[in-house]
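A short worksheet on the structure shown next.
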Amino acid sequence: MADFQINMAANFVGKMVKVMGWIRHIRSSGSIYFIEVRDGYGEIQCVVVKSEVEERLFKECAELKLESSLVVEGLLREEKRAPGGYEIFVKDIQIINIPDEEYPISKKSHGIDFLMEHRHLWLRSKRQWAILRIRSELERILREYFYKKDFVLIDTPILTGSIGESAGNLFETDYFDLGKAYLAQTGQLYLEAAASSFKKVFCFGPTFRAEKSKTRRHLTEFWMLEAEVAFYDTNDNMDLQEDMISYVIDEVLRSRKNELKILERDIKKLEAIKPPFPRISYDEAIEILKKKGFSIEWGDDIGGDEETAISTNFSKPVFIYNYPGTIKAFYMKPNPEDDRTVLCDDMLAPEGYGEIIGGSQRDDDYNSLIKRIEDFGLDPDKYDWYLDLRKYGSVPHSGFGLGLERLVSWVCGLQHVRESIAFPRLINRIYP
Ligand code: 4AD
Ligand code: MG
């Protein structure tokens, strides 16, 4: 018997197949059992007819419950009335495990706290299956994109000695005799070093922020795709982000149609994601927000609600560029045309999803950078190595970070990032 996965059913019509999986649903009508089995790739109806199997087997079927695990052997055939259009006419079943207790997650609706507490089981539900298959695919496409563009992958450290982003939300730990170490908020500073060796680099790994805020966009541990390119200015940087997002959306629409359908995602909205994306300055963003009735002044940060308000103005992602330097990170290059602002961009996803990417041109001037490090209350001694990059062959360079969970949430149309990662880490959750 050839290796079989349920998603390959079309190629196995008329053949004997073996499915190893779990019971999603079971019902009987006296002399027949209909068992819906999922195998990780799909689900298929398995029909057990009393007159066609051993008596022992038919009796055992009465014991089967939701999420029992089993191996089913039978004839695969087309059946228009079955969900998916195929079914297995069962010859034999090997029961692996029957739960002693009722499976905690039933068809009835459960509260979010209950589901989060049972995340380890919730992952088996169809919706979570679809989301995490899309996530896996997005990661694959992102890596593919950067390799195709001749970027080199640099795995940046998770334990770091210098603060990468800001002092506000660090996880710290004692590091032997060397003082404090921090869990990385970003791989960026290390990517900047690597960019002067390889020109185009990226990293893709977990990053950590002790976010005090409980929002639908914040995790304390999230995955970030970061890219850094030597000789790129802020406009090249935005072009790259636009090209990457367009590519990713295009590819995922092709390869994860079925999963997007399960999520009832309105894919027309995603199909509209084609370059160019609108680009508005921070100044323009403030004007838009004032017109919408927000009490916001030049110099204020643009928060989640404001981002939502702006992004609903556009059907594509929108860039907001050149924020005031005081509300952005220390490493950004001051704007030569207005030194109150820095050369940076945030990309906001449409449909109210808000910031998915933060990027900037980096300060490549030694004296300016050391001043900014001090202005931000950071210890310049910890940045000797980073400052060296401005001493030896400093070049204009730019990069960005894409939050994977924010991307997944947008693509899948989720209400909250907690569903976009298998085991979310939130301010109030470390279990399971
Ligand atoms: O804008 P951020 O803080 O930028 C950086 O960390 C830069 N060092 C990146 C770079 O230039 N190499 O974070 C980048 C992205 C955000 O746009 C957002 O999508 C995501 O990371 N992000 C979070 N996602 C989930 N939970 C959090 N707490 C997040 N903080 C940032
Ligand atoms: Mg940001």
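Both ligands and their constituent atoms are indexed starting at 1 by order of listing. All values reported here derive from a predicted model rather than from experimental measurement.
For the salt bridge (charged side-chain N to carboxylate O under 4.0 Å, His left out) test with E43, the passing option among R124, R38, K126 is K126; the others fail.
By the 3.5 Å distance cut-off applied to N or O atoms, Q188 is counted among the residues near ligand 1. For ligand 1, the polar-atom distance check against H218 finds no nitrogen or oxygen pair separated by under 3.5 Å. Taking any N or O of E228, backbone or side chain, none lies under 3.5 Å from an N or O belonging to ligand 1. At a 3.5 angstrom cut-off on N or O pairs, G403 counts as close to ligand 1. Close N/O approach between E165 and ligand 1 is found [any backbone or side-chain N/O within under 3.5 Å].
Contacts with ligand 1 closer than 4.0 Å are made by no heavy atom of M332, backbone or side chain. Here I357 has backbone heavy atoms under 4.0 Å from ligand 1, and that is the only part of it that gets that close. Proximity of W410 to ligand 1, defined as any heavy-atom pair under 4.0 Å, is not found for any part of the residue.
A cation-pi geometry, defined here as NZ or CZ lying under 6.0 Å from the six-membered ring centre and within 45° of its normal, does not hold between K316 and F277. A cation-pi geometry, defined here as NZ or CZ lying under 6.0 Å from the six-membered ring centre and within 45° of its normal, does not hold between R127 and W122. Seen from the ring of Y386, R390 counts as a face-on cation partner, given the 6.0 Å and 45° thresholds.
Within a 6.0 Å sphere centred on NZ of K382, heavy atoms belonging to other residues, nucleotides or ligands number 12 at most. Environment of CZ in R254: crowded, with over 12 heavy atoms of neighbouring residues, nucleotides or ligands closer than 6.0 Å.
Within E355, the N, O or S atom lying nearest to the Mg ion (ligand 2) carries the name OE2.
In terms of protein heavy-atom proximity, atom 16 (C) of ligand 1 is nearest to E355 OE2, 3.2 Å. When only non-hydrogen protein atoms are considered, atom 31 (C) of ligand 1 lies nearest to F222 CZ, 3.4 Å. Residue, atom and distance of the protein heavy atom nearest to atom 26 (N) of ligand 1 are L219 N, 3.0 Å.
Ring centroid separation for the pair F330 and Y383 comes in under the 6.0 Å cut-off.
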Task: salt bridge (Lys or Arg N to Asp or Glu O under 4.0 Å) evaluation trace for E251 with R256 - done: CA-CA 8 Å; E251 290 291 312; R256 285 292 175 267; over 6 Å; no
